Asker: 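Below: one structure in structure tokens.
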Amino acid sequence: MFDQLSERLQESFASLGGNKQLTLENIDEALKEVRRALLEADVSLRVVKTFITRIKERAEGENVIKSVSPSQQLVKIVHDELTALLGGENKPLDLEGNPAIIMMFGLQGSGKTTTCGKLALQLRKKGKKPLLIAADVYRPAAVNQLISLGKQVGIPVFSIENSTDVLEIARQGLQYAQEQQLNTIIIDTAGRLQVDTEMMAELLLLERMVKPQEKLLVIDAMTGQEAIHVSETFNTQLDVTGIVLTKLDGDTRGGAALSVVEVTGKPIKLVGTGEKMDGLEPFYPERMSTRILGMGDVVSLVERAQEAIDLDEAKEFERKMRKQEFSLEDFMKIQRTMKRLGSLDQILGMLPIPGLTKDMREMLAHGGEEQLRRVEAMINSMTLEERRKPEQINRSRKLRIAKGCGMQEADISKFLKDFEMMRQMMKQMTQMTDQMKKGKMPMGMKMARGAKGAKGVPPFPGGFPGGKKPPFPF
Amino acid sequence: MFKLFGKKTVEGTTQESSAVASASSEPMSSPEAASGLDKLKSAVSVTGRALVGKILSLGADASRVLTEDDLETIEETLIRADVGVDMAVELTEKIRKNPAVHPTDKLKVFLQDEFSRALALGPHANELRYEAGKLNLYLIVGVNGAGKTTLIGKLAHRFVQQGKKVVIAAGDTFRAAAEDQIEVWAQRAGAELVRKDNADTAAVIYDSIHHAVESKADVLIIDTAGRLQNKFNLMEELRKVKRIIEREAPADLVYEALLVIDATTGQNALRQAEVFQEAVQLTGVALTKLDGSAKGGIVFNIAKQYHLPVKLVGVGEKIEDIRDFDAQAFVNALFD
């Protein structure tokens with residue numbers, strides 16, 4: 001989501017040099033990089049300025065400059081502030097009341113109708129009985145779109161053919177819900193410019209009539225500097241209760257998220273990804289800022305795997321990672337779906353590897369592709385049993401495998417050793433992610449403290465990246 | 001919100017959208033008409049106020065040297081217009097190093113030149129290609145919600161008004177009811193629609209090309225699914241569309257592949273340009289929704305980094321709210 005922002009921040013902190021002393025001058029230098037990274041991620045300038053000021057004050061106040069590992073402490077401050085800025089904790093939808101009424105609005109093309117479908121499906125899974133009301137009477141076929149989405153997910157849609165009377169549609173829709181005993185109502189409205197007074201008035205009238213407890217502003221995560229104006233106006237006029245950030249997939253840096261929250265003071269409640277009906281998630285500020293800072297996101301990696309693999313397989317994969325039971329067979333399975341997951345480079349970007357800059361990652365990824373081909377050849381020369389339990393591969397088996405793939409026995413040994421190390425790391429990573437979820441200190445810092453650092457195996461024995469190949473076979 | 005069929009519309013005299021209210025509301029038959037330029041200007045001057053007003057208010061004293069604060073204001077103003085940090089910093093540096101441009105009138109000329117240069121991609125680069133007697137194919141791509149379908153409706157309308165025979169291919173077979181939406185637009189525009197529900201895009205494209213050729217259409221506009229540019233399968237599908245066009249279309253085809261970009265989009269638009277460029281070899285950009293408070297400053301960076309000229313601009317919600325992009329007028333309007 002914030003991939004490129006992570007890179008910039010990582011680079012700027014890397015440029016401070018691990019344990020070098022931070023001075024009043026180079027803290028400004030680092031903050032300049034932070035500023036730039038945020039701006040390039042489309043965070044609004046106004047928000048960036050406040051944010052930087054806050055970071056600077058805290059950094060000076062907490063005597064970061066004199067601390068043992070100033071750059072790491074600065075990272076922590078940025079992390080904390082990002083989390084705080086994004087709203088601290090997850091704020092769920094308010095679904096009290098019978099019926100609970102949710103109203104969606106936003107600019108054209110922000111993703112309201114799709115989100116309505118996704119939300120309805122999600123609420124039904126929670127045991128609600130949703131009704132979708134099609135009140136976008138302006139965009140051609142918007143009503144049909146909602147009806148068609150409703151059909152897809154099996155949720156009733158209320159609409160009045162050829163009516164452009166939004167209030168009447170809503171009124172009858174509510175009545176219909178009552179008759180059918182549907183307890184959660186989602187109203188889809190037409191996209192509108194926040195400067196279009198007439199259309200905004202329509203929205204206000206609708207809001208006054210239905211009195212929704214959730215008024216969700218839908219914002220495209222790709223929005224640029226404009227995000228503040230849009231959200232500010234909608235919020236002023238309608239007193240938004242929450243924000244849905246859509247299209248937060250892939251390359252979207254999503255700086256708009258920061259802007260919108262800061263400007264409106266309202267929480268992001270939901271995040272939309274992808275076009276499939278299950279692409280709607282609760283928003284977790286902590287998870288997001290962890291990711292912004294490039295501390296890795298194994299959870300998202302696993303989730304991304306779910307898109308390519310099926311759910312059960314992904315869960316199994318995660319369980320195996322935890323228990324260090326991840327086999328070569330699994331490894332090959334992942335290999336096959338890997339290409340659909342994204343490039344090696346992208347995947348590495350999701351792993352919590354402190355200090356891994358973009359250049360290093362690209363280098364790694366390049367070398368990795370090459371290595372992958374060799375590894376694949378090796379695994380292909382193994383029996384099924386050997387793939388499942390690589391630890392039982394003895395010398396004579398190694399010799400056979402080496403012959404089969406045209407490599408040396410030493411290559412096979414090295415690979416198996418690396419693989420074992422990777423298994424350990426996977427286990428560690430998942431544990432660390434769990435710890436972070438419990439609110440403990442983010443792993444990046446602990447690990448980066450080096451000599452004094454965390455217990456267990458450091459992520460890159462042998463002084464990665466200086467010379468020796470990293471233990472990741474992929 | 002397309003008010004043509006809405007209750008607030010009286011047939012023939014569509015309502016003005018508020019942000020561009022100063023422009024004439026007569027339906028346009030030709031993009032060159034004066035009211036068209038006015039409307040572009042008034043749409044862009046929304047950008048202009050944000051972009052330049054602040055810079056120009058720095059003072060007109062000829063002997064004046066801009067202070068660090070002034071320079072910071074300039075940089076921030078440029079950033080706010082979504083021109084990108086690099087360009088903002090670069091321009092500010094140039095101003096800092098060249099006190100000769102510090103007086104406000106000089107500053108205006110300097111910035112105008114810089115902006116024009118950023119958009120200058122050669123003579124006629126901003127013109128939408130069209131050749132009489134050939135099949136002119138316009139492939140319209142872009143991320144979800146950028147405004148592809150609406151733009152297609154407007155473009156079709158414009159060609160039909162010019163007496164051209166227009167076929168539209170309902171190639172968005174992915175999004176729910178997308179075909180219905182394009183059908184409404186096709187009807188409004190008076191264009192023919194090729195749709196095949198539940199078929200894959202490739203099949204629709206194939207049919208539409210053959211239909212366009214057989215019926216001797218002048219123009220074929222192809223709608224595609226809005227796709228987030230990193231979705232592997234969807235991008236693959238787009239490559240397939242490109243291959244079908246190459247294989248099935250006549251050799252003397254006039255081809256334009258336009259990336260539709262929402263003017264509110266920030267720096268992500270650069271990534272869009274990069275990825276769509278790779279999939280279909282873009283020939284230009286259509287900038288939509290320029291009638292809000294959106295700035296559209298991203299076009300400078302797109303021109304600079306990807307050499308993609310803006311060819312069309314969407315400036316309102318009515319079917320005639322489409323303009324050719326006039327780089328000079330766009331830049332000048334920033335300073336009016």
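No experiment lies behind these values; they were computed from the predicted model shown. Below, each value reflects all heavy atoms present in this structure, side chains not excepted, and no hydrogens, waters or symmetry copies.
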Asker: Taking C-beta and beyond as the side chain, do A:Met222 and B:Gln272 meet within less than 4.5 Å on heavy atoms?
Answerer: yes

Asker: Please check this pair: side chain of B:Asp180 against backbone of A:Ala141, looking for a donor-acceptor N/O pair closer than 3.5 Å.
Answerer: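 Side chain of B:Asp180 to backbone of A:Ala141, a donor-acceptor pair under 3.5 Å: no, none is there.
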
Asker: Atom OG1 in A:Thr114, atom CG in B:Asn144: separation rounded to 0.5 Å?
Answerer: 7.0 Å

Asker: Please classify the contact between B:Glu75 and chain A as side chain, backbone, both or neither, with a heavy-atom cut-off of under 4.5 Å.
Answerer: side chain

Asker: Between B:Lys289 (side chain) and A:Leu107 (backbone), is there a donor-acceptor pair under 3.5 Å?
Answerer: no

Asker: For the OG1 atom of B:Thr265 and the CD atom of A:Gln225, what is their distance to the nearest 0.5 Å?
Answerer: 12.5 Å

Asker: Flag the one option from A:Gly109, A:Ser148, A:Ser110 with the top tally of heavy-atom pairs under 4.5 Å to chain B.
Answerer: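 If we count pairs closer than 4.5 Å to chain B, A:Gly109 comes out on top.
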
Asker: To the nearest 0.5 Å, tell me how far A:Asp220 CG sits from B:Asp262 CG.
Answerer: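 The CG atom of B:Asp262 is 7.0 Å from CG of A:Asp220, to the nearest 0.5 Å.
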
Asker: Under the rule for side-chain contact (heavy atoms from CB on, under 4.5 Å), what residues qualify as partners of A:Ala134, not counting sequence neighbours?
Answerer: A:Val143, A:Leu146, A:Val157, A:Ser159

Asker: Working to the nearest 0.5 angstrom, can you tell me the gap between A:Asp42 CG and B:Gln267 CD?
Answerer: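 Reported to 0.5 Å precision, the distance equals 5.0 Å.
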
Asker: Once rounded to the nearest 0.5 Å, what's the spacing between atom CZ of A:Arg139 and atom CD of B:Gln181?
Answerer: 5.0 Å

Asker: Less than 4.5 Å to any heavy atom of chain B: does that hold for the side chain of A:Leu149, its backbone, both, or neither?
Answerer: both

Asker: For A:Lys49, is it the side chain, the backbone, both or neither that has a heavy atom under 4.5 Å from a heavy atom of chain B?
Answerer: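 Contact with chain B: side chain only.
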
Asker: Can you name the nearest heavy-atom pair linking B:Val89 to A:Arg36, along with the distance?
Answerer: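 Smallest interatomic distance, heavy atoms only, reads CG2-NH1, 4.0 Å.
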
Asker: Please report the interatomic distance CZ(B:Arg175) to OG1(A:Thr113), rounded to the nearest 0.5 Å.
Answerer: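 So the CZ of B:Arg175 and the OG1 of A:Thr113 are separated by 7.5 Å.
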
Asker: State which residues pass side-chain contact (heavy atoms from CB on, under 4.5 Å) with A:Asp278; sequence neighbours excluded, sorted by chain then number.
Answerer: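 Counting only residues at least two positions away or on another chain, A:Asp278 forms a side-chain contact (heavy atoms from CB on, under 4.5 Å) with A:Lys276.
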
Asker: Using a cut-off of under 4.5 Å for heavy-atom pairs, which of B:Ala88, B:Gly145, B:Ala178 has the most such pairs with chain A?
Answerer: B:Gly145

Asker: Going by heavy atoms in the side chains, are A:Ser44 and B:Arg80 under 4.5 Å from each other?
Answerer: no

